[in-house]
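See structure below.
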Amino acid sequence: MGLKDTANFAVIPSAYKSNKVYSILPTNGDMDLDYSMNNTQNRYDSIGSLKSSGIDIPALNYFLTEGELSGFPELQMTKSRTNILTDSVNFNLGNWSVVNGNLSSGLTAHVNVTGSFGVSTFTENINSGEHYFQQSLSGMATGRTYVFSMYIRPLGRKIMRVQMTNSADTTCLFELDLLNINKLDAGQPTNNGLIQKLPNDWYRISCNFIANANTGTLRISNYQRSSSGTPTGSYAGTNGFGFEIYGAQLESNPSSSAIEPSPFIPTFVTPVTRTNPVLETQNTTAAKAIINRNYPVTFYWEGKIDRYASTSSAFSLFNSVNSQKYIALQFQNSSTLTIRRKDGTNEYTGSVNYRTKKHDYLKIVLVVNDSNNYEIYINGFLIEGFSGSTIAWDYDRIRIGCGFAPNNDASQRQSFNQFFYWAKSFTAKEAKDVTSYESYEQMATASNFKLV
């Protein structure tokens, strides 16, 4: 019997239905988790196609690295975002305008990024000049960062330029033949251009723009290389050259900036806001009895870092009567992890000095020996031990990837691959063993590196 088989509670995202994620331990259903998500979520399935999870259906998302699948799926916990582009699937001319080209939808001879037949395309005509399609936008917030993203597949062209007219950092140039991005304001760390390769010859491109006015135009242009090799957007077009396109998105948080692209939010006539999912153990006597066992306890969390935030928790235990009683692990910033403990009035934090970057894949064990002392192990090493203020064990529910408690939730979200809970203390050897990788190949695959 392995160490994980002895857990009091274990969830590996695999078995689920509407509003429910099943725990693998215990097997009698006492610790099954309630799940809510009032919108659809798009995710990558086991062959790398983009699929919709459906309303209140947990989204199991597979990692893509250099166009190949790596690792096993995470339970995707997406942050609330608003896609302000309309008609982002079919690209009808009622919402998009075209210059020196043709915007077509529903071409059944082609397979789109979802693996189904039917794509939209933007192709050039033979006129000289620029070849682009665009959408006029209003209601944007001045000073807010918006993230553009879209799925594309080349049809004779390999370079695409994206421009936001109401932004100081106006353009981003994607060179798919070189997998290169020439962002004009590349020195600004918050304005990143990205190219993600998918396994079916599609790419997802993305970049950031900071709005300097409430209205603007998003323009998407075909480019080619001049005789000298320099990308240019003004030339005599070639009929049929351009891109297959799917899933255009210009997103922000509902009331603040966004930094990275999130899963695609389909829109039609109007913008759409995706809400936050919630995942927590049931509020039953049996579930509370499993959790409320007092010290010592051990937690295991495995997954990649979605974001850094002082209000985001990888997991938390809380009191269902008093939401100001909790213990939580969070990714504070790129150099600090934080253990937060609150007794209902006073909050105490333990800061873990550990250098990370977004999308790092971590195996973490938190051992809480008693009301004062705890330790954290990451990827096979003891990182830090603490002796702090006394916090009595007074928790009866678990939340994974969301706020500290239902009434103490700042809307940050964090996906995960595994979560375990033991009503006992791990030895140093047990903690190191369970967070270690068995081989370099396993470590590289789990960490989203590609072996060559």
Side-chain angles (χ1 to χ4, degrees), residues 7-9 77 280-281 291-319 322-356 360-405 408-410 412-416 418-428 430-432 434-435:
N8 298 84
F9 168 55
M77 300 287 285
E280 59 189 17
T281 55
I291 299 166
N292 198 9
R293 291 172 179 250
N294 214 333
Y295 300 105
V297 295
T298 299
F299 307 101
Y300 175 88
W301 181 94
E302 180 177 335
K304 65 177 178 64
I305 300 175
D306 287 341
R307 60 184 49 84
Y308 301 115
S310 61
T311 54
S312 175
S313 58
F315 65 86
S316 65
L317 278 76
F318 69 96
N319 185 295
N322 184 348
S323 65
Q324 297 302 312
K325 293 182 177 182
Y326 56 76
I327 180 171
L329 168 70
Q330 64 177 199
F331 303 120
Q332 181 86 19
N333 53 55
S334 62
S335 60
T336 306
L337 281 71
T338 300
I339 311 299
R340 309 187 84 96
R341 302 185 303 152
K342 194 166 186 179
D343 62 8
T345 302
N346 302 306
E347 184 181 60
Y348 304 98
T349 61
S351 295
V352 181
N353 297 317
Y354 190 78
R355 176 67 63 179
T356 61
D360 275 356
Y361 197 93
L362 304 179
K363 294 183 172 184
I364 300 175
V365 159
L366 173 64
V367 182
V368 188
N369 296 301
D370 52 45
S371 60
N372 300 86
N373 301 294
Y374 53 106
E375 303 160 345
I376 188 166
Y377 297 78
I378 302 176
N379 292 354
F381 295 93
L382 170 63
I383 303 303
E384 202 145 4
F386 301 87
S387 181
S389 300
T390 299
I391 300 289
W393 186 270
D394 194 10
Y395 317 115
D396 56 23
R397 297 189 71 185
I398 298 175
R399 286 164 69 90
I400 307 177
C402 42
F404 301 135
N408 197 359
D409 189 335
Q412 300 288 347
R413 291 297 180 266
Q414 171 63 53
S415 306
F416 76 101
Q418 298 186 47
F419 179 78
F420 288 74
Y421 162 78
W422 293 262
K424 68 175 184 178
S425 177
F426 273 17
T427 66
E430 288 173 330
K432 291 176 182 178
V434 79
T435 58

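For the single chain, residues carry numbers from 1 onward in sequence order. This one's a predicted model, so the numbers in the text were calculated from it and none came from an experiment.
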Considering residues at least two apart in sequence or located in another chain, which fulfil the side-chain hydrogen bond (donor to acceptor under 3.5 Å, both in side chains) criterion with [X]?
| X | answer |
| --- | --- |
| Y300 | E302 |
| S323 | none |
| S425 | N369 |
| T338 | Q332 |

Handout entry: K432, NZ: over 12 other non-hydrogen atoms inside 6.0 angstrom
Key =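 No, the 6.0 Å shell around NZ holds no more than 12 heavy atoms from other groups.
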State, yes or no, whether a side-chain contact exists between [X] and [Y] at a heavy-atom distance under 4.5 Å.
| X | Y | value |
| --- | --- | --- |
| V297 | L317 | no |
| I291 | F318 | no |
| V368 | I339 | no |
| I391 | I327 | no |
| F420 | V434 | no |
| T336 | V352 | no |

Exercise for the section: Using the side chain to side chain contact (heavy atoms under 4.5 Å, CB included) rule, take D394 and N322 through it: C-alpha gap first, then chi angles, then the decisive distance, then the call. Expected result: CA-CA 10 Å; D394 194 10; N322 184 348; over 6 Å; no
Please confirm whether the backbone N or O of [Y] pairs with a side-chain atom of [X], one donor and one acceptor, at under 3.5 Å?
| X | Y | result |
| --- | --- | --- |
| N8 | A423 | yes |
| Q414 | K304 | yes |
| N379 | K363 | yes |

Please enumerate all residues that pass side chain to side chain contact (heavy atoms under 4.5 Å, CB included) together with [X], with sequence neighbours excluded.
| X | answer |
| --- | --- |
| S415 | E74, Q76, M77, D306 |
| T298 | V365, V367, W422, F426 |
| A392 | none |
| N292 | W393 |

So, taking the atom named [atom1] in [X] and the one named [atom2] in [Y], what distance separates them when rounded to the nearest 0.5 Å?
| X | Y | atom1 | atom2 | result |
| --- | --- | --- | --- | --- |
| N333 | Y308 | CG | OH | 8.0 Å |
| S316 | K325 | OG | NZ | 15.5 Å |
| T356 | I305 | OG1 | CD1 | 3.5 Å |
| I400 | I398 | CD1 | CD1 | 6.5 Å |
| T390 | N372 | OG1 | CG | 3.5 Å |

Problem - Taking every non-hydrogen atom, the tightest pair across S310 and Q330 - result: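 Looking at all heavy atoms of both residues, the shortest contact is O-NE2, 2.9 Å.
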Practice task
Identify the heavy atoms of Q412 and S312 that sit nearest to each other, and give their distance.
Solution key: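 Taking every non-hydrogen atom into account, CB-CB, 3.3 Å.
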Do any side-chain atoms of residues 382-389 form donor-acceptor pairs under 3.5 angstrom with protein atoms, and if so which ones, sequence neighbours left out?
| unit_1 | atom_1 | unit_2 | atom_2 | d |
| --- | --- | --- | --- | --- |
| E384 | OE1 | N353 | N | 3.4 |
| S387 | OG | N373 | OD1 | 3.0 |

Exercise for the section: Can you run down the ring pair (Phe, Tyr, Trp, His ring centres under 6.0 Å) pairs that involve residues 323-347, sequence neighbours left out, and say none if there aren't any? Expected result: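 Applying ring pair (Phe, Tyr, Trp, His ring centres under 6.0 Å) to every pair that reaches into residues 323-347, excluding sequence neighbours, yields W301-F331, Y326-F404.
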Exercise for the section: Quickly, which of Y395, F299, F9 forms a ring pair (Phe, Tyr, Trp, His ring centres under 6.0 Å) with Y421? Name it, please. Expected result: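 For Y421, the ring pair (Phe, Tyr, Trp, His ring centres under 6.0 Å) check succeeds only for F299.
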Handout entry: salt bridge (charged side-chain N to carboxylate O under 4.0 Å, His left out) against R399, all qualifying residues, sequence neighbours excluded
Key =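 With neighbours one apart ignored, the set is E280, D409.
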Handout entry: salt bridge (charged side-chain N to carboxylate O under 4.0 Å, His left out) partners of residues 341-355, not counting sequence neighbours, each pair once
Key =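 Found R340-E347.
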